[in-house]
Number of protein chains: 2
Amino acid sequence: MGITKTAAFTKEHNRIAVLLKAMAHPARVAIIDYLLQVDTCICGDIVNELPLAQATVSQHLKALKSAGLIKGTIEGNSICYCIDETSIADLRHYFAQIYSSLETKRKNCC
Amino acid sequence: MGITKTAAFTKEHNRIAVLLKAMAHPARVAIIDYLLQVDTCICGDIVNELPLAQATVSQHLKALKSAGLIKGTIEGNSICYCIDETSIADLRHYFAQIYSSLETKRKNCC
DNA sequence: CATTTATATCGCAATATTACGATATAAAAT
DNA sequence: ATTTTATATCGTAATATTGCGATATAAATG
């Protein structure tokens, strides 16, 4: 025991959980933030932007990448990372739907 | 080593990470989903809705509650849980901002 | 070709999460 | 007053994450 019972939940619930989990760390929120701030997506200096060792940053980038939140393409010596719009659009849609669902249903006891 | 370097990141990045972490599990996504589906927020049967033991569900509810995603008020014998709109609004706003920022900046290399 | 630069992976220690049975608590029903 | 019902907490085992030094890889530069 101690392992997430992934198979017991719906595909959709798991899909959302995977995306959220990938972003559920301040370093990874900071990485997304940084990728938004730079105007080009040639981002070879993410390591210098974060208060973490190079190996750790690389791991965080891998986590974001394997969840589909960022894309990385080899650019000669270094790697060009940028945000994958699709996954952000999915999350945006997810929370927008929850919010509008809350607005229309308006619970009356809390 | 092995502990998240919370202090090294901004308050805002940590705040978002805490909210996302609370939702970053299929059981907790399922709980939010269920709370949305029921029309009243007297939700004493969340345990029966999930494929997990009562103790485990209670822990997940605690996690959602301490992150501020749900509220629970004692209703006699049982507890009335419902979604806390504020936190959902925050997350909705966060992803909407990322999305619109992506739209305006439109990277040209990926 | 040796060196530098950029990034990834390995191995490991510290810590955190997930799950559940057992037990506690406290209100409701009998 | 005892039992039932609803929920929380404790203890603990299994697993996952976080972080980093060391090392690997591979392109760029000298």
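To find a chain, count down the sequence lines: A is the first, B the second, and so on, and within it residues start at 1.
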Item to check | Nearest heavy atoms of Ala22(B) and Ala63(B), plus distance in Å | outcome: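 So the minimum-distance heavy-atom pair works out to CB-O, 4.2 Å.
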
By nearest atom, which of the nucleotides [options] is closest to the [X] side chain?
X: His60(A); options: dG19(D), dA26(D), dA16(C); answer: dG19(D)
X: Ser58(A); options: dC20(C), dG19(D), dT9(C); answer: dT9(C)
X: Ile79(A); options: dA8(C), dT5(D), dA16(D); answer: dA8(C)
X: Gln59(B); options: dA22(C), dC20(D), dC20(C); answer: dC20(C)
X: Ala55(B); options: dA16(C), dA22(C), dT18(D); answer: dA22(C)

Next on the checklist: Are the side chains of Met23(B) and Leu19(B) in contact, using a 4.5 Å heavy-atom criterion?
Outcome noted: no

Checklist entry - Mind checking whether Ile32(B) and Ile70(B) have side chains closer than 4.5 Å, heavy atoms only? => result yes

What is the distance, rounded to the nearest whole Å, between atom [atom1] of [X] and atom [atom2] of [N]?
X: Leu52(A); N: dT17(D); atom1: CG; atom2: P; answer: 17 Å
X: Asn77(B); N: dT4(D); atom1: CG; atom2: C1'; answer: 9 Å
X: Lys5(B); N: dA14(C); atom1: NZ; atom2: P; answer: 16 Å
X: Ile31(A); N: dG19(D); atom1: CD1; atom2: C1'; answer: 13 Å

Within the pair [X] and [N], is there a side-chain N or O less than 4.0 Å away from OP1 or OP2?
X: Tyr81(A); N: dA8(C); answer: yes
X: Lys62(B); N: dT7(D); answer: no
X: Thr56(A); N: dC20(D); answer: yes
X: Lys21(B); N: dT17(C); answer: yes
X: His25(A); N: dG19(D); answer: yes

Checklist entry - How are the rings of Phe95(A) and Phe95(B) set relative to one another: parallel (under 30°), tilted (30 to 60°) or perpendicular (over 60°)? => result parallel

Checklist entry - For the residue pair His25(A) and His60(A), does the interplanar ring angle fall in the parallel (under 30°), tilted (30 to 60°) or perpendicular (over 60°) class? => result tilted

Checklist entry - If you take atom types as modelled and just measure distance, does the side chain of Gln54(B) reach the base of dA6(D) with a donor-acceptor pair under 3.5 Å? => result no

Next on the checklist: So Ile74(B), base contact, sugar-phosphate only, or nothing? Heavy-atom distance under 4.0 Å.
Outcome noted: nothing

